[in-house]
Amino acid sequence: MNDTSSREALEQRLLRAPFDVDLRSDYAELLLGEEAYENALAQAELVDRQAPDALRGKLLLARSLHAVDRMAEALAAYERARALPGFEPIEPLESMRSTAQPTRAPLLQVVSSGVASAKVVSIQQVAQEKLRFSSIVGMDELKKTIRLKIIEPYLNPGLFARFKASAGGGLLLYGPPGCGKTMMARAVANECNANFVSIGISDILN
């Protein structure tokens with residue numbers, strides 16, 4: 001079996017079992033071997049979200065980030081992998097770790113009301129950008145539906161088109177204020193590595 005048919009067979013299996021972490025890890029490994037680094041990173045990020053305590057997922061994420069020259073994030077993922085049971089050092093991440101210089105976290109300094117306000121907004125934006133499905137407790141069935149209808153087709157459009165799988169469309173989230181609709185929508189955007197714009201009804205009617 002050649003590389004192309006092997007990849008297609010793996011993609012077909014993944015379509016049938018999108019939540020199989022081992023299968024998705026194999027697919028990420030295959031993409032790394034084919035030097036399809038951006039696609040490998042997308043798969044590695046999914047593996048890491050589906051199995052946040054899995055050593056293989058952390059290493060795949062670190063290797064993929066390293067391959068696309070996102071060195072700081074690669075080092076952070078590699079450090080998390082080092083704390084997990086069964087870890088074994090791998091190059092060139094180990095060399096990168098040994099030469100990395102420690103950095104200090106930025107501090108919030110209140111200089112004036114205007115400057116402080118700008119810095120607080122920046123910190124809030126960073127917190128919002130980190131909101132993922134793993135940050136939201138419960139709603140597992142909704143998360144699965146969203147992943148199958150929105151996230152997977154968005155991240156892997158060619159995969160669904162190739163096998164003519166039914167995917168995509170929209171979802172209507174409804175409920176009283178404060179039930180988590182906007183939080184879920186923001187998490188979906190972050191899962192897709194997309195921007196999130198919150199627009200209220202007053203903005204539309206204004």
Side-chain angles (χ1 to χ4, degrees), residues 2-103 126 129-135 143-144 146-148 150-163 167 187-196:
N2 58 40
D3 291 342
T4 302
S5 60
S6 175
R7 176 174 176 174
E8 289 182 352
L10 191 56
E11 288 173 344
Q12 286 181 328
R13 292 172 58 197
L14 193 56
L15 278 175
R16 292 192 295 268
F19 299 103
D20 188 323
V21 174
D22 291 333
L23 195 59
R24 192 173 295 280
S25 298
D26 292 340
Y27 187 46
E29 290 277 9
L30 185 147
L31 292 171
L32 275 174
E34 294 181 351
E35 298 183 357
Y37 298 135
E38 291 290 347
N39 291 336
L41 176 58
Q43 296 301 317
E45 287 177 334
L46 286 173
V47 170
D48 190 49
R49 291 169 204 160
Q50 290 176 340
D53 297 324
L55 173 61
R56 187 183 183 190
K58 288 287 187 292
L59 291 177
L60 279 170
L61 182 59
R63 290 166 56 201
S64 301
L65 287 165
H66 182 269
V68 297
D69 294 323
R70 290 164 59 176
M71 300 306 181
E73 294 170 87
L75 184 59
Y78 187 63
E79 287 295 335
R80 292 194 295 271
R82 289 179 62 88
L84 297 175
F87 170 82
E88 292 183 3
I90 59 174
E91 293 293 342
L93 291 166
E94 194 67 25
S95 297
M96 181 179 68
R97 178 180 180 272
S98 63
T99 57
Q101 297 296 322
T103 57
V126 170
E129 289 171 0
K130 292 181 179 179
L131 181 64
R132 300 279 189 174
F133 274 1
S134 57
S135 307
K143 292 176 185 176
K144 287 182 180 180
I146 292 175
R147 188 171 295 283
L148 287 173
I150 298 177
I151 298 172
E152 288 284 355
Y154 183 86
L155 293 177
N156 302 289
L159 181 60
F160 281 80
R162 182 180 305 174
F163 298 104
V188 171
N190 287 330
E191 292 287 336
C192 293
N193 300 317
N195 293 325
F196 176 81

From CA spacing to verdict: side-chain contact (heavy atoms from CB on, under 4.5 Å), Leu60, Leu32: CA-CA 9 Å; Leu60 279 170; Leu32 275 174; 4.0 Å; yes
Full working for side-chain contact (heavy atoms from CB on, under 4.5 Å) between Val188 and Phe133: CA-CA 7 Å; Val188 171; Phe133 274 1; 3.9 Å; yes
Test side-chain contact (heavy atoms from CB on, under 4.5 Å) applied to Phe87 and Lys58, step by step: CA-CA 10 Å; Phe87 170 82; Lys58 288 287 187 292; over 6 Å; no
Step-by-step side-chain contact (heavy atoms from CB on, under 4.5 Å) determination, Gln43 to Glu29: CA-CA 9 Å; Gln43 296 301 317; Glu29 290 277 9; over 6 Å; no
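Between the side chain of Tyr78 and the backbone N or O of Ile90 there is at least one donor-acceptor pair closer than 3.5 Å. In this structure, the side chain of Arg24 engages the main chain of Pro18 through a donor-acceptor pair within 3.5 Å. Side chain of Arg49 to backbone of Glu191: a donor-acceptor contact under 3.5 angstrom is found.
Residues Glu152 and Leu15 form no side-chain contact, since every pair of their non-hydrogen atoms from C-beta on lies 4.5 Å or further apart. With a 4.5 Å cut-off on side-chain heavy atoms, Glu94 and Arg82 count as touching.
In terms of heavy-atom proximity, Arg56 sits nearest to Asp22 at NH1-O, 3.9 Å. In terms of heavy-atom proximity, Val68 sits nearest to Leu41 at CG2-CD2, 4.0 Å. Looking at every heavy atom in both residues, Ala81 comes nearest to Leu55 through O-CD1, 3.4 Å. Ala74 approaches His66 most closely through the heavy-atom pair CB-N, 3.5 Å.
Checking Asn39 against Glu34 by side-chain atom types alone, no donor-acceptor pair falls below 3.5 Å.
Between the CZ atom of Arg7 and the CG atom of Leu14 there is a distance of 11.5 Å, given to the nearest 0.5 Å. A distance of 7.0 Å separates CG of Asp26 from CZ of Arg13, quoted to the nearest 0.5 Å. Summarising the geometry, atom CZ belonging to Arg80 is positioned 6.5 Å from atom CG belonging to Asp48; distances are rounded to the nearest 0.5 Å.
Evaluated for a side chain to side chain contact (heavy atoms under 4.5 Å, CB included) with Val47, the options Ser25, Pro52, Ser64 yield exactly one hit, Ser25.
Within 6.0 Å of CD on Glu91 lie more than 12 heavy atoms contributed by other residues, nucleotides or ligands.
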